[in-house]
A.B. asks: 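Below is one structure. I have some questions about it.
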Amino acid sequence: MTRIVLDAMGGDLAPQATVAGAVEAARDGITVVLVGVEEQIRAELDRVEGPTPNIEVVHAPEVVAMGDHDARATLRRRDTSIAVGIELIREGAGDAFISAGNTGAVLAVSLVRLGRLPGVERPAIGILLPMPRGVLLFLDGGANADARPSHLLQWAVLGASYMRTTRGLAEPEVALLNIGGEATKGSQVTVEAHALLAASGLNFIGNVEGRDLPSRPADVVVTDGFTGNTVLKFAEGLSSMLFEELREAASQSLRARIGGLLIRREARRMRDRLDYRVYGAAPLLGLQGTVYIGHGSSDARAIANAIRTADGAAAAGIVDALRAAAAEGEQAAS
């Protein structure tokens, strides 16, 4: 059985949402270790109706604020819920760590306390995007604003291994986000990355453009963190705007209201199918440990699904799979 360590203080809605989500996932049989201010965690557990099996609490008296951007100061604080939780993973007392808190702090502490897998220069955030044709792993989601061609190759190797291990795909298709389909298009970095990917032995299908992403052109799409984060935030804003426009249009007249009622059920199904909360959190790939980063606004549903996602990956032996893939990639590149 796996033990999933959760930063109970991480996120805009913590600890209410984190504790509620943990209880929901724990009732599925997953053991969840809640790390944070014990008094606050216990108070939330007392509000939960019914039994709370498979829940453990580890006290961590300090909390990293969402707006705290001083990485050095964060690393000196050993009693935060992030630091204590990641230390549990390092010691083998947990199989995966999840936080919807300060992303920079999670990145910094994970790098220092867990370290990188051999052959990985920089870890990347892999965003699991639920598309109509299936899930797409998109990375880097924002851990690295700049990237070298070798980084893009390493992320492609890690991404393919993640999808092979967690999704059962024998030969995941890998693509490079670019401004055109031709191998010579884009910046010097993307041109060189295309050449590396084409010679890598991965199931590389070439370049894809931003307009291709909604149709899920591949199982894994790689880009630098600046571009990746920009694309993700634009997509999030566009999705919210479109649903708001549909809601507004459906209230303009009697005919529109009738039409809105007729499509309401299907519209809700579409919204739920494309909701980021389906997977709950994004894996930080390339570490000597399993770490997931959640959205700052994660509610109980997102937290519960993040725990389920991390539990499935840990049970599948994701760290060993990524370690083997990184070693093979390093050997092929040398």
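No experiment lies behind these values; they were computed from the predicted model shown. Side-chain atoms are counted along with the backbone in the values below, which use heavy atoms only and exclude waters and symmetry mates.
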A.B. asks: Tell me whether Glu91 is salt-bridged to Arg113, with the criterion being a basic N under 4.0 Å from an acidic carboxylate O.
C.D. replies: no
A.B. asks: Are the side chains of Leu137 and Leu128 in touch, meaning some heavy atoms are under 4.5 Å apart?
C.D. replies: yes
A.B. asks: Checking Thr2 side chain against Ala315 main chain: does a donor-acceptor pair fall under 3.5 Å?
C.D. replies: no
A.B. asks: Specify the closest pair of heavy atoms between Ala326 and Leu158, including all atoms of both residues, with the distance to one decimal.
C.D. replies: CB-CD2, 4.4 Å
A.B. asks: Do side-chain atoms of Asp28 reach the backbone of Arg308 as a donor and acceptor pair under 3.5 angstrom?
C.D. replies: no
A.B. asks: Test side-chain contact (heavy atoms from CB on, under 4.5 Å) on Thr190 and Leu176 and set out the steps.
C.D. replies: CA-CA 8 Å; Thr190 55; Leu176 175 66; 4.2 Å; yes
A.B. asks: For residues Val135 and Met163, determine if any side-chain heavy atom of one lies less than 4.5 Å from a side-chain heavy atom of the other.
C.D. replies: yes
A.B. asks: Does Asn207 use its side chain to pair, donor to acceptor, with the backbone of Gly180 at less than 3.5 Å?
C.D. replies: yes
A.B. asks: Restricting to non-hydrogen atoms, name the atom on Thr184 and the atom on Val191 that form the minimum distance, rounded to 0.1 Å.
C.D. replies: O-CG2, 3.7 Å
A.B. asks: Side chains of Phe138 and Val231: does their closest heavy-atom pair fall under 4.5 Å?
C.D. replies: yes
A.B. asks: Please determine whether a side-chain nitrogen of the Lys or Arg among Arg323 and Asp320 lies less than 4.0 Å from a carboxylate oxygen of the Asp or Glu.
C.D. replies: yes
A.B. asks: Kindly give the heavy-atom pair with the smallest separation between Met131 and Leu136, and that separation in Å.
C.D. replies: CE-CD2, 4.1 Å
A.B. asks: Verify, without hydrogens or angle tests, whether Trp155 (side chain) and Gly126 (backbone) share a donor-acceptor contact under 3.5 angstrom.
C.D. replies: no
A.B. asks: Using atom types as modelled and distance alone, determine if a side-chain donor or acceptor of Gln154 lies under 3.5 Å from a backbone N or O of Glu121.
C.D. replies: yes
A.B. asks: In this structure, are over 12 heavy atoms from other groups packed under 6.0 Å from Asp146 atom CG?
C.D. replies: no
A.B. asks: Grab the two heavy atoms, one from Pro123 and one from Leu287, that are nearest each other, plus how far apart they are.
C.D. replies: CG-CD2, 3.8 Å
A.B. asks: Under the side-chain contact (heavy atoms from CB on, under 4.5 Å) criterion, do Gln16 and Arg47 qualify, and how do the steps go?
C.D. replies: CA-CA 10 Å; Gln16 294 88 352; Arg47 293 189 179 97; 5.7 Å; no
A.B. asks: Apply side-chain contact (heavy atoms from CB on, under 4.5 Å) to the pair Ile98 and Val5, showing each step before the final yes or no.
C.D. replies: CA-CA 6 Å; Ile98 304 168; Val5 180; over 6 Å; no
A.B. asks: Is the side chain of Thr18 donor-acceptor paired with the backbone N or O of Ala8 at a distance under 3.5 Å, no angle test?
C.D. replies: yes
A.B. asks: Are the side chain of His59 and the backbone of Glu38 linked by a donor-acceptor contact shorter than 3.5 Å?
C.D. replies: yes
A.B. asks: Might you point out which heavy atoms bring Gly141 and Asn229 nearest each other, and give the distance in Å?
C.D. replies: O-ND2, 3.0 Å
A.B. asks: So do Ser200 and Val157 actually touch side chain to side chain, heavy atoms under 4.5 Å?
C.D. replies: no
A.B. asks: Keeping Arg216 on the side-chain end and Pro130 on the backbone end, is there a donor-acceptor pair under 3.5 Å?
C.D. replies: no
A.B. asks: Give a yes or no on whether Ile303 and Leu45 share a hydrophobic cluster (residues Ile, Leu, Val, Met, Phe, Trp, Tyr; joining criterion: side-chain heavy atoms under 4.5 Å apart).
C.D. replies: yes
A.B. asks: Take atom CZ in Arg148; do more than 12 heavy atoms of anything else shown fall under 6.0 Å from it?
C.D. replies: no
A.B. asks: Would a distance-only check, ignoring hydrogens and angles, find a side-chain to backbone donor-acceptor pair under 3.5 Å from Asp140 to Asp224?
C.D. replies: no
A.B. asks: Take Val32 and Ile307 through the test side-chain contact (heavy atoms from CB on, under 4.5 Å) and record every step on the way to the result.
C.D. replies: CA-CA 8 Å; Val32 182; Ile307 293 169; 4.0 Å; yes
A.B. asks: Between Asp12 and Ser297, is the side-chain hydrogen bond (donor to acceptor under 3.5 Å, both in side chains) condition met? List the steps.
C.D. replies: CA-CA 5 Å; Asp12 299 331; Ser297 61; 5.4 Å; no
A.B. asks: Where the side chain of Asp7 meets the backbone of Gly101, is there a donor-acceptor pair that is under 3.5 Å apart?
C.D. replies: no
